[in-house]
Number of protein chains: 2
Amino acid sequence: MIYSSELIKGTLKTIVLKQLEGQRMYGYEITQRVKELTGNKIQITEGALYPTLHALEADGLVTTETEFIGKRIRKYYSLSPKGKTKIEEKVSELADFIQTMQFLLDIKPAMGQ
Amino acid sequence: MIYSSELIKGTLKTIVLKQLEGQRMYGYEITQRVKELTGNKIQITEGALYPTLHALEADGLVTTETEFIGKRIRKYYSLSPKGKTKIEEKVSELADFIQTMQFLLDIKPAMGQ
DNA sequence: CAAATATACATAAGAAAATTATGTATAAAC
DNA sequence: GTTTATACATAATTTTCTTATGTATATTTG
């Protein structure tokens, strides 16, 4: 099962930023990692990913370093200090939103993992 | 605090359908109810609401009855059988998505309410 | 070793879904 | 009588994603 695309809308930036927490990553790596972590339920397409990364960079939330692996280019993204602050905001807003939705839709939160 | 609009995208139809579970409601009533239930955190604008309701009707998920209260029109929306099935799908997909996001973003689910 | 698949970036056209603005009109409150 | 609330609706614009396309290297597989 893959989530309907409309569900993922609005959370993509948060997902991407969160992946960069702790270590730099390159675009393709992010898509693979998210796919793996979610058991294929979230598959970020390139058409969605790259514009998002570019927007994050334009907003000063991430910085980039380009490297060559053999002849192939690889662009690493790292969180900026501004980006670190932004993650916290985004994640806590989403956590709040999730609680609201669970209440509104009568969803019982899964008990302790 | 009001949630950033991008967060609500993708959940609006589900929210609206869920409100209709149990009783018919009219558009304005839905916005007020959701606002009240969420402590003003979710404010559905008319520009978002009416196109959504019309789309739900076009998809056969809701049926309508128009009534006059004095001279003022009021359009009640009710769930169709197809709509009832759709809610279950939508809500369970969202419940699943929430769990995935909690894991991906390292959000601790709130323990029993 | 040729073909298919995976890796890795990017952009452009189009679609979907909301925001913002605008319009109409009645009812209630101040 | 003016403002606010109720109640519908649509159009222009913006945002954001999908789908399609493009380029290129590296690896796997038959």
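Within every chain, numbering begins at 1; the chains are lettered A, B, ... in the order of the sequence lines, protein sequences first and strands thereafter.
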Legend entry - Whole-Å distance separating the NE2 atom of His54(B) from the C1' atom of dA11(D):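 The answer, rounded to whole Å, is 14 Å.
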Inset, instruction - Measure from CD on Glu46(A) to P on dA20(D) and round the result to the nearest Å. - result: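 In whole Å, dA20(D) P and Glu46(A) CD are 14 Å from each other.
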Legend entry - Whichever hydrophobic residues join Phe68(A) through chains of side-chain contacts under 4.5 Å: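 Joined to Phe68(A), directly or through intermediates: Ile73(A).
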Legend entry - With Glu89(A) via side-chain contact (heavy atoms from CB on, under 4.5 Å) - residues at least two apart: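 Only Thr85(A), Lys86(A) meet the side-chain contact (heavy atoms from CB on, under 4.5 Å) criterion with Glu89(A).
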Legend entry - Which residues share a side-chain contact (heavy atoms from CB on, under 4.5 Å) with Lys82(B), sequence neighbours left out: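 With sequence neighbours excluded, Lys82(B) shows a side-chain contact (heavy atoms from CB on, under 4.5 Å) to Leu61(B), Ser80(B), given in chain and number order.
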Inset, instruction - Considering only Ile, Leu, Val, Met, Phe, Trp and Tyr, and joining two whenever side-chain heavy atoms are under 4.5 Å apart, list the other residues clustered with Ile2(B). - result: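 Noted: Ile2(B) shares its cluster with no other residue.
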Legend entry - Contacts of Glu93(A) that satisfy side chain to side chain donor-acceptor pair (under 3.5 Å) - sequence neighbours left out: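 By the side chain to side chain donor-acceptor pair (under 3.5 Å) rule, Glu93(A) matches Ser4(B).
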Inset, instruction - Provide the full list of side chain to side chain donor-acceptor pair (under 3.5 Å) pairs with a residue in residues 69-79 of chain B, sequence neighbours left out, each pair given once. - result: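 Listed once each, the pairs are Tyr26(B)-Arg74(B), Arg74(B)-Tyr76(B).
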Inset, instruction - Using the test side chain to side chain donor-acceptor pair (under 3.5 Å), find all partners of Glu21(B) that sit at least two apart in sequence or belong to another chain. - result: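 Scan of Glu21(B) (side chain to side chain donor-acceptor pair (under 3.5 Å), adjacent residues dropped) gives Lys18(B).
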Legend entry - Transitive ILVMFWY side-chain link Val34(A) to Phe103(B), under 4.5 Å: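 Yes; Phe103(B) is reachable from Val34(A) via cluster members.
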Inset, instruction - May I ask you to list the residues of residues 17-44 of chain A, by number, that have any heavy atom positioned under 4.0 Å from an atom of DNA chain D? - result: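 Within this stretch, nothing sits under 4.0 Å of the strand.
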Please list each protein N or O that sits under 3.5 Å from an N or O in nucleotides 13-18 of chain C, with the distance.
| residue | atom | partner | partner atom | Å |
| --- | --- | --- | --- | --- |
| dA17(C) | OP1 | Glu6(A) | OE1 | 3.4 |

Inset, instruction - Provide, to the nearest angstrom, the distance between the CZ atom belonging to Arg74(B) and the C1' atom belonging to dA5(D). - result: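 It works out to 13 Å between those atoms.
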Legend entry - Summary of side chain to side chain donor-acceptor pair (under 3.5 Å) pairs that have at least one residue in residues 33-45 of chain A, sequence neighbours excluded: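 Passing the test, one end in residues 33-45 of chain A: Lys41(A)-Asp96(B).
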Legend entry - Contact pattern, 5' to 3', of nucleotides 24-30 of chain C - B, S or - by protein heavy atom under 4.0 Å: --BS---
Inset, instruction - Would you name the heavy atoms of Leu53(B) and Val62(B) that are closest together and state the gap between them? - result: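 Looking at all heavy atoms of both residues, the shortest contact is O-CG2, 4.3 Å.
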Inset, instruction - Check the distance between dC8(D)'s P and Tyr50(B)'s OH and give it to me in whole angstrom. - result: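 Taking OH of Tyr50(B) and P of dC8(D), I get 4 Å after rounding.
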Inset, instruction - Rounded off to whole Å, could you give me the CG-to-C1' distance for the Leu49(A) and dT11(C) pair? - result: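 Interatomic distance, CG of Leu49(A) to C1' of dT11(C): 13 Å.
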Legend entry - Residue pairs passing the side chain to side chain donor-acceptor pair (under 3.5 Å) test where at least one lies in residues 47-66 of chain B, sequence neighbours excluded: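 Of all non-adjacent pairs touching residues 47-66 of chain B, those that pass side chain to side chain donor-acceptor pair (under 3.5 Å) are Arg24(B)-Glu65(B), Glu57(B)-Thr64(B).
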Legend entry - Euclidean distance, atom CZ of residue Phe68(A) to atom P of dT25(D) [Å, nearest integer]: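 Distance check: Phe68(A) CZ to dT25(D) P gives 11 Å.
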Inset, instruction - Can you tell me the distance, in whole Å, between the NZ atom of Lys75(A) and the C1' atom of dA24(D)? - result: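 Going from NZ in Lys75(A) over to C1' in dA24(D) covers 16 Å.
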Inset, instruction - Starting from C1' on dT16(D), measure out to CD1 on Ile15(A) and report it in whole angstrom. - result: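 It works out to 14 Å between those atoms.
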